[in-house]
Q: 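Dumping the structure here so I can ask a few things about it.
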Number of protein chains: 2
Amino acid sequence: MKVTIKDVAERANVSIATVSRVFNKSGPVTDQTRHRVLTIARDLRYTPNASARSLSTSKTDTVGLLLPDLYGEFFSEVIRGADQTVQQYHHHLLVSSSHNNRNEIEAALRVMRGRVDGLVIMSPHIDAATLNANLPKSLPVVLLNCYVKDSSFDSLNIDNIGGAHQMVKHLIQHNHTRIAIIKGTEQNYDAEERLSGYRAALREANLEVSADLEFPGDFTEEAGFQAAKKILVLPHRPTAIFASNDSMAIGAISALRESEVQVPEEIAVAGFDDIPISKYMKPGLSSVHVPISNLGVLALERLFAAVTEKDNHIKKQDIITTELVVRESCGIHETNNDD
Amino acid sequence: MKVTIKDVAERANVSIATVSRVFNKSGPVTDQTRHRVLTIARDLRYTPNASARSLSTSKTDTVGLLLPDLYGEFFSEVIRGADQTVQQYHHHLLVSSSHNNRNEIEAALRVMRGRVDGLVIMSPHIDAATLNANLPKSLPVVLLNCYVKDSSFDSLNIDNIGGAHQMVKHLIQHNHTRIAIIKGTEQNYDAEERLSGYRAALREANLEVSADLEFPGDFTEEAGFQAAKKILVLPHRPTAIFASNDSMAIGAISALRESEVQVPEEIAVAGFDDIPISKYMKPGLSSVHVPISNLGVLALERLFAAVTEKDNHIKKQDIITTELVVRESCGIHETNNDD
DNA sequence: GCCAACAATGTAAACGCTTACATTACTGCC
DNA sequence: GGCAGTAATGTAAGCGTTTACATTGTTGGC
């Protein structure tokens, strides 16, 4: 039924070593022989057995992408960038979500190990110890947006603090003094950083940092919706809302609309991530642009560098800068240089 | 460096066969022995080598998901559903996009073969011949939204015709008589079916089917935008636009807005797919709901059935029904039973 | 007490490939 | 013409498992 290298070798009257050499372009082979082997292989529909090859070479030509969740455009974009890069390097992409649960993450790590030549991990809840405990020291790893500062790992992080700071500063510069924030998921790294960027900007402008203006959220539209409802009944109503991501901003706007509060006239709204829809909403959502699909590309390029360079690969911790995107929802149309 | 079954066996004073039996729960082992092996394995951080195992068993515990593209929420949702199901069955997910190019699809197929126990293929451009030529007869395959009617394959298709028909009929019932369509990508299966559903509904209502009302598109927001611009300059302006997917509908709405044409008052707009944002837009986008993430789940469940049942698996061609979702963009608020 | 039956474990072949090393057959140089 | 050097090919060991079959040890029925 299934055709192996041996079948090809027999039919071509050569040894399996020669067939192997043809397929791997390793070692010298006559043009004539090569051609004969290739033809017969095609006729026989021969494909090298990936497992056998992996076993022999201890390479899998596959890299793993471990994500906290597979929901929403953010991850979809990361996957897209990753796939693109992986194909370019003639590798394969093993994707898995980890459900944010520590045990499941460990299981996922262990299970990936041995199946991949390298691993990109995007999981806010992971720490260096878990990583070291569950992965062989030799497996190249790139951390994407993880809360691990350890210089023993390559990592890529979004400049959450800077981005949030920039957006809030922008609002302040345009005379907003009561700015509420809808926070991200409790304990989430991005969430905390965005919050601290928000606070820093307020402090810097000598504005009060108050728990009364900080509303819980979990990055879903629903949470944004609920938070906005709460904000609306505040005695001294804020003039601006900074949502920790676009989904929540969208939810918030939809709540404001429901209550017939004009955006941005009565309340300005801004988000974070700049997901594609932000551009197409009405009003267009002001946001902090994160080069998401680029993130996937960068992570994988770094990973392949690590895989290739092996031991003399130098690890780096990079911070990806964000960019302020001003649309209508924050009430400041003009293109001006706020920084 | 790397620890193998042999290391565990030596340390535990048993043969490798016993260790193997412990890990696979195949064959009898004393509780005492099992415990000793397990403990030592844990201490040694032993993980069975996946390649060796695959070579030996010719199973990979991995299934492949071949998508035409990785762009947008649609695929992100399919992947999510797929991942969820795959985890449930303790398998892994190898994802790849095929770039819609025939050669690349063939390459992807060939490369997947041998790495996976089964394959879900979503690729409008593929035909039965290509499939047969590049895949071993024994590999379970589920076609997702492919234009292959062949009963020798399991397949899942969206009821594009029915969905489009239903939406256009709905518009007609509410007194729209000039309804433009923004078509999907040329030669694309979904695109053609949605177009024919549109035409059927018009014909059924004795409305003219005219090329003047059919505008090219390619499923991107940009295309929707451009098409709407063209529609706006039409001498006898349509009162409704049916976009072949939500992205184009969103692009169209944004073009109309730019020209200060009221939606739905002046022109009603409807889409297809019911991607999550549709709900949060203003106006909410009327659309044809496709249970996307469910699609991923269903496809993988079918695949696992095929993998498990092996030879006595009975292939089926299923059509997934869609559902009309009426929001504001088509101008008919009331919840009524249109069918 | 013997033997059958079975439980627990071991032995070794096979899975399909890569690759170090061995072999063979040419070349051209002195 | 012999020999070194090299190009082309072959041989066989190993990669880490699984598993059919063999071996050993125990049990219980007669």
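In this text the structure is predicted, and so the values were computed from the model without any measurement. Keep in mind that the numbers below use all heavy atoms, side chains included, and drop hydrogens, waters and symmetry copies. Chain naming here is simple, since letters A, B, ... match the order of the sequence lines and numbering starts at 1 in each.
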Q: Donor-acceptor pairs are to be reported for all side-chain atoms of residues 35-46 of chain A against protein atoms at under 3.5 Å, with residues two or more places apart or in another chain.
A:
| residue | atom | partner | partner atom | Å |
| --- | --- | --- | --- | --- |
| A:Arg36 | NH1 | A:Ala12 | O | 2.3 |
| A:Thr39 | OG1 | A:His35 | O | 2.7 |
| A:Arg45 | NH1 | B:Ala133 | O | 2.9 |

Q: Nearest whole Å is fine: how far is D:dA7 C1' from A:Lys25 NZ?
A: 19 Å
Q: At less than 4.0 Å, is any side-chain N or O atom of A:Ser51 found next to OP1 or OP2 of C:dC17? Yes or no.
A: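 A:Ser51 to C:dC17 OP1/OP2: no side-chain N or O under 4.0 Å.
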Q: Check each of A:Leu143, A:Val141, A:Leu300 against A:Val120 using the side chain to side chain contact (heavy atoms under 4.5 Å, CB included) test, and report the only one that passes.
A: A:Leu300
Q: Considering every strand and a 4.0 Å limit on heavy-atom distances, what is the contact class for A:Asp7: base, sugar-phosphate, or nothing?
A: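 The answer is nothing, as A:Asp7 stays clear of every strand by at least 4.0 Å.
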Q: Just checking A:Asp31: base, sugar-phosphate only, or nothing, at a heavy-atom cut-off of under 4.0 Å?
A: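 No contact.
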Q: Picking from C:dC17, D:dT9, D:dC15, which would you name as closest to the side chain of A:Asn49?
A: C:dC17
Q: Tell me which one of B:Ile126, B:Asn134, B:Leu131, B:Ile121 satisfies side chain to side chain contact (heavy atoms under 4.5 Å, CB included) with B:Ile105.
A: B:Ile126
Q: So which pairs with a foot in residues 291-318 of chain B pass ring pair (Phe, Tyr, Trp, His ring centres under 6.0 Å), sequence neighbours left out?
A: B:Tyr89-B:Phe304, B:His91-B:Phe304
Q: Can you tell me if the side-chain N/O atoms of A:Ser54 get under 4.0 Å from OP1 or OP2 in D:dC15?
A: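 No, no such contact exists.
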Q: Less than 4.0 angstrom between a side-chain N/O of B:Thr4 and OP1 or OP2 of D:dG16, yes or no?
A: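 False: B:Thr4 side-chain N/O out of range (4.0 Å or more) of D:dG16 OP1/OP2.
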Q: With sugar-phosphate meaning primed atoms plus P, OP1 and OP2, does B:Ser58 contact a base, only sugar-phosphate, or nothing at under 4.0 Å between heavy atoms?
A: nothing
Q: In terms of heavy-atom contacts, does CZ of A:Arg34 have more than 12 from other residues, nucleotides or ligands at under 6.0 Å?
A: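 Buried by this count: over 12 neighbours within 6.0 Å.
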Q: Can you tell me if A:Phe153 has over 12 outside heavy atoms packed within less than 6.0 Å of its CZ?
A: yes
Q: Whole-Å distance between C:dA13 C1' and B:Leu55 CG?
A: 13 Å
Q: Base, backbone or nothing for each nucleotide of nucleotides 18-25 of chain C, written B, S, -, heavy atoms under 4.0 angstrom, 5' to 3'?
A: BB------
